[in-house]
Amino acid sequence: MTNNNPIGLFDSGIGGTSIWTAIHELLPNEDTIYLADSKNAPYGQKSKDEIIHLSCKNTEFLLDQNSKIIVVACNTATTNAITELRNKYKVPFIGIEPAIKPAAINSKQHVIGILATQGTLNSELFHQTVQKFKDTKIIEQIGHGLVPLIENGDINSPEMNKLLHDYLEPMIQANIDYLVLGCSHYPYLIPQIKKILPNHIKIIDSGEAVARQTKKVLMENVGLSNQDKEGKAIFYTNANPKVLTDILKSQYEVKSKDF
Ligand code: DGL
């Protein structure tokens, strides 16, 4: 394994490209390989065993492409499978978890909202995190139906707008001043969410923190790429490539692969 090998990322679908963007902005010279397991999306309602099985399959694909580090660009896969992944494979893993900590620390009302999948909100790792912030009231909401709409390219649909109103209005009533987006698909909904939330409610996701952590772990381990040109990015999907191409604004190579 050398420092010029690619960074591998996977998600249940196209959402983890929000994490890829943050990593590419911070580390533009790194080669990257992104795997969208859209055929199996959403992971959010699957059992822990199924999520572990799919996460291992995704990791093995990325290791076959010589990834020097694996970024699990999915909260659901991280909260359900990262321990098993770290035990099973030697490569360093970066996980993504809902940004409860910065929201709880900065909340003036001591009330925050979190929108995430059922798999994330029910996970042991998430419960452990919540226990650390007992002084903050955390309004949890499962984002039922949001990921399938995003995977279908229906981000701006009336159905999406209705679901977001249904999920966010009770949080507004409860006086939240932070909304944590606990699913890597949800940053693509920020424009619609902003139309619903009053201006004083801040929205946070985990993209930049994951990018900083990826850089730190690479510097402590195999090292950063030393190529002096922009890194090559390859995106693989096992479903209709159009949705991934659209979300990337056609700027990068998308390959179809049955896995
Ligand atoms: N993007 C994923 C996450 O961050 C998973 C969504 C899903 O497949 O349910 O949780």
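Nothing here was measured: the structure is a model prediction, and the numbers come from that model. We count ligands from 1, going down the list as the structure has it; atoms in each ligand are counted the same way.
Among protein heavy atoms, atom 1 (N) of ligand 1 sits closest to His185 ND1, 2.7 Å. The nearest heavy-atom contact from the protein to atom 10 (O) of ligand 1 is Thr76 OG1, 2.6 Å. Of all protein heavy atoms, the one lying nearest to atom 2 (C) of ligand 1 is Cys74 SG, 3.3 Å. Protein heavy atom in closest approach to atom 7 (C) of ligand 1: Tyr43 N, 3.3 Å.
Between Arg86 and Glu84 no salt bridge is recorded (no basic side-chain N to carboxylate O distance below 4.0 Å).
With Asp205 contributing its side chain and Pro187 its backbone, the two residues share no donor-acceptor pair below 3.5 Å.
Residue Gly15 places no heavy atom under 4.0 Å from ligand 1.
When non-hydrogen atoms are compared, ligand 1 lies under 4.0 Å from the side chain of Val147 (C-beta onward) but not from its backbone. By the criterion of a heavy-atom distance under 4.0 Å, the side chain of Thr117, and not its backbone, is placed next to ligand 1. Contacts of Ser12 with ligand 1, taken as heavy-atom pairs under 4.0 Å, involve the side chain alone. Only side-chain heavy atoms of Asp11 come within less than 4.0 Å of ligand 1; its backbone N, CA, C and O stay farther off.
No more than 12 heavy atoms of other residues, nucleotides or ligands sit less than 6.0 Å from atom CG of Asp135.
Side-chain atoms of Glu151 and Ser38 form a donor-acceptor pair, as typed in the model, at a separation below 3.5 Å. In this structure, a donor-acceptor pair under 3.5 Å is absent between the side chains of Gln251 and Lys249. When only modelled atom types and interatomic distance are considered, Asn80 and Tyr43 share no side-chain donor-acceptor pair under 3.5 Å.
Inclusion of Gly44 in the set of residues having an N or O under 3.5 Å from an N or O of ligand 1 is warranted. Backbone and side-chain nitrogen or oxygen atoms of Thr120 are examined, and none is located within less than 3.5 angstrom of a nitrogen or oxygen of ligand 1.
Residues Asn4 and Lys68 form no side-chain contact, since every pair of their non-hydrogen atoms from C-beta on lies 4.5 Å or further apart. In this structure the side chain of Ile201 never reaches within 4.5 angstrom of the side chain of Tyr178, judged on heavy atoms.
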